[in-house]
Protein chains: 2
Amino acid sequence: MQSYTEENYLKTIYHLAEKTINVQTNAIAEQMQTKPASVTDMIKKLADKGLVDYIKYQGVTLTEIGKNTAIDIVRKHRLWEVFLVDKLNFKWDEVHDVAEELEHIKSIELIERLDEFLGFPKADPHGDPIPDKNGRFAKTQFIKLIELKIGDQGTITGVTQHSSAFLKHLEKLGLTLGKKIQISDVTDFDGSVEILLSDKQVNISREVAKHILISSNGKN
Amino acid sequence: MQSYTEENYLKTIYHLAEKTINVQTNAIAEQMQTKPASVTDMIKKLADKGLVDYIKYQGVTLTEIGKNTAIDIVRKHRLWEVFLVDKLNFKWDEVHDVAEELEHIKSIELIERLDEFLGFPKADPHGDPIPDKNGRFAKTQFIKLIELKIGDQGTITGVTQHSSAFLKHLEKLGLTLGKKIQISDVTDFDGSVEILLSDKQVNISREVAKHILISSNGKN
DNA sequence: AAAAATTTTTAGATTTACCTAAAAATAAAA
DNA sequence: TTTTATTTTTAGGTAAATCTAAAAATTTTT
């Protein structure tokens, strides 16, 4: 059994490991709003518990057990986000902090039943995949919107940027999850993209287009 | 803002204060599965924060602020219990421990929306009243089943004993919340009560009858 | 490859919520 | 009203998670 804090470390390491193989002390410290010295202390503890592999000065990697634990927390976080948006009508940019707390409630039964109550969703309100109870992620084929060509169609199924500012921006443009879109033009000058969205036309910058995920086979 | 632990102390003091005016150190310690010395420490802290009134050796009482905080936690606890039973199909004897964790999630918005989602329930699955967001309890007129006379009718609306063993026992007898009952006989010998429950007849001991609450005007 | 910069770790403190053991206050019994 | 028992508090200590400041290791630059 892990403490609230240990769980947060595992989750942070898990997310950082999606980008780099060896996760560095400073990166963890920055992500967790704490000091490198505190991170070193905790890493030692997690290593003693067999949750991470750790060589001094060389960063950490999650062990099999550590990774499974982290995935379980991610699962809880994303299921709660679905609950907050689908059942309690929160907006997708309002759910992160509360889910951050709810993810630590430790009852296997609770999560199983919540999963069922929500209809076994495969993705959270930001389009991030929800692992099943065995920690397996559904295979998904997302393409970044920026990679589409003029005339291509698809459905918005995710984002790779979760800041409130970004999500609010998309919300205002009407670019929310599940919306069907078609590319009507790509500006040579600045790479901004013209999108056909049901009836209206919207224009987004290249930067925004980079962070929107599209699938051509419906919601997944 | 209170810590998880401080919230638990306030809640415990609140519940103990329903029975005695001045809450004693030992009573808190027993309830919280901790030592009297630890309780003294925490009481001092709560007194410094203005959440309890405390005179050495004389026990504690909640201040207005302390009481409101405690009621808010009770509100959360009971709303979550309703969620677990009504939406996730938990049995009424399975929800307490999980609700004990959920009650500490601190988001006012979350609880408002949960309350609405559940249809503003007035009582939890054990029949305990749920205060509204201003901390006010709905007036309820419960009678203990033991006080009913032969021929009296009513609806089961609560219990005053929350142990899993007791709740499981009631479950087995079919004496669950909302069930309509009629007293068909009271045994002189041991005070056990014969109950007419839809079609079948059940017999409960005097001890059990003491802990069942009845109302004659439907669910409240 | 030596010097400089960066990253990481160690050492020693602090805070929160506990604990044990002993002392002090209060309540109950003789 | 003493003595005894119970309750409560104090004193001093522990473990978890954090911190600052300084030392050590690694990486980058010259």
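In what follows, every heavy atom counts, from backbone to side chain, and hydrogens, waters and symmetry copies are set aside. Chain letters run A, B, ... following the sequence lines, proteins first and then strands; every chain starts at 1.
Residues passing the side chain to side chain donor-acceptor pair (under 3.5 Å) test with B:D190, sequence neighbours excluded: B:S192. Qualifying ring-ring contact (aromatic ring centres under 6.0 Å, His included) partners for A:H162, counting only residues two or more places apart in sequence or in other chains: A:H126. Annotation: ring-ring contact (aromatic ring centres under 6.0 Å, His included) contacts of A:F83 (sequence neighbours excluded): A:W80, B:F83. A search for ring-ring contact (aromatic ring centres under 6.0 Å, His included) contacts involving B:F166 returns B:H211, not counting sequence neighbours.
Distance A:I55 CD1 to C:dT9 P: 11 Å, rounded to the nearest Å. The interatomic distance linking B:D41 (CG) with C:dT20 (P) rounds to 13 Å, in whole Å. Between the CD atom of A:E30 and the C1' atom of C:dT7 there is a distance of 13 Å, given to the nearest Å. Put simply, CD1 on B:I43 is 12 Å from C1' on D:dT7, counting in whole angstrom units. Atom CD of B:Q33 is separated from atom P of C:dC19 by 11 Å (rounded to the nearest Å).
B:Y54 comes within contact range of the sugar-phosphate backbone alone, with a heavy-atom separation under 4.0 Å but no base atom that close. When heavy atoms are screened at a 4.0 angstrom cut-off, A:Y9 is found touching the sugar-phosphate backbone but no base atom.
Among residues at least two apart or in separate chains, side-chain hydrogen bond (donor to acceptor under 3.5 Å, both in side chains) pairs with a member in residues 101-110 of chain B are B:E7-B:H104, B:N8-B:H104, B:K11-B:E103, B:H77-B:E103, B:E109-B:R113. Within the structure, every pair that satisfies the salt bridge (Lys or Arg N to Asp or Glu O under 4.0 Å) test and touches residues 160-173 of chain B, not counting sequence neighbours, is listed here: B:D93-B:K168.
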Step-by-step side chain to side chain contact (heavy atoms under 4.5 Å, CB included) determination, A:I214 to A:K144:
CA-CA 6 Å; A:I214 301 295; A:K144 289 182 187 150; over 6 Å; no
Could you list the protein-to-nucleotides 20-26 of chain D atom pairs, N/O on both sides, closer than 3.5 Å?
| residue | atom | partner | partner atom | Å |
| --- | --- | --- | --- | --- |
| D:dA25 | O4' | A:Y57 | OH | 3.4 |

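The two residues B:L79 and B:P121 come nearest to each other via the heavy atoms CD2-CG, 3.8 Å.
Listed pair B:T34 / C:dC19 meets the phosphate criterion, a side-chain N or O lying under 4.0 Å from OP1 or OP2.
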Result block: side-chain N/O donor-acceptor pairs under 3.5 angstrom for residues 14-41 of chain A, not counting sequence neighbours:
| residue | atom | partner | partner atom | Å |
| --- | --- | --- | --- | --- |
| A:T20 | OG1 | A:L16 | O | 3.4 |
| A:N22 | ND2 | A:Q58 | O | 2.3 |
| A:T40 | OG1 | A:P36 | O | 3.2 |

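Using a 4.0 Å cutoff on non-hydrogen atoms, the parts of residues 16-28 of chain A near DNA chain C are A:Q24, A:T25, A:N26, ordered by number.
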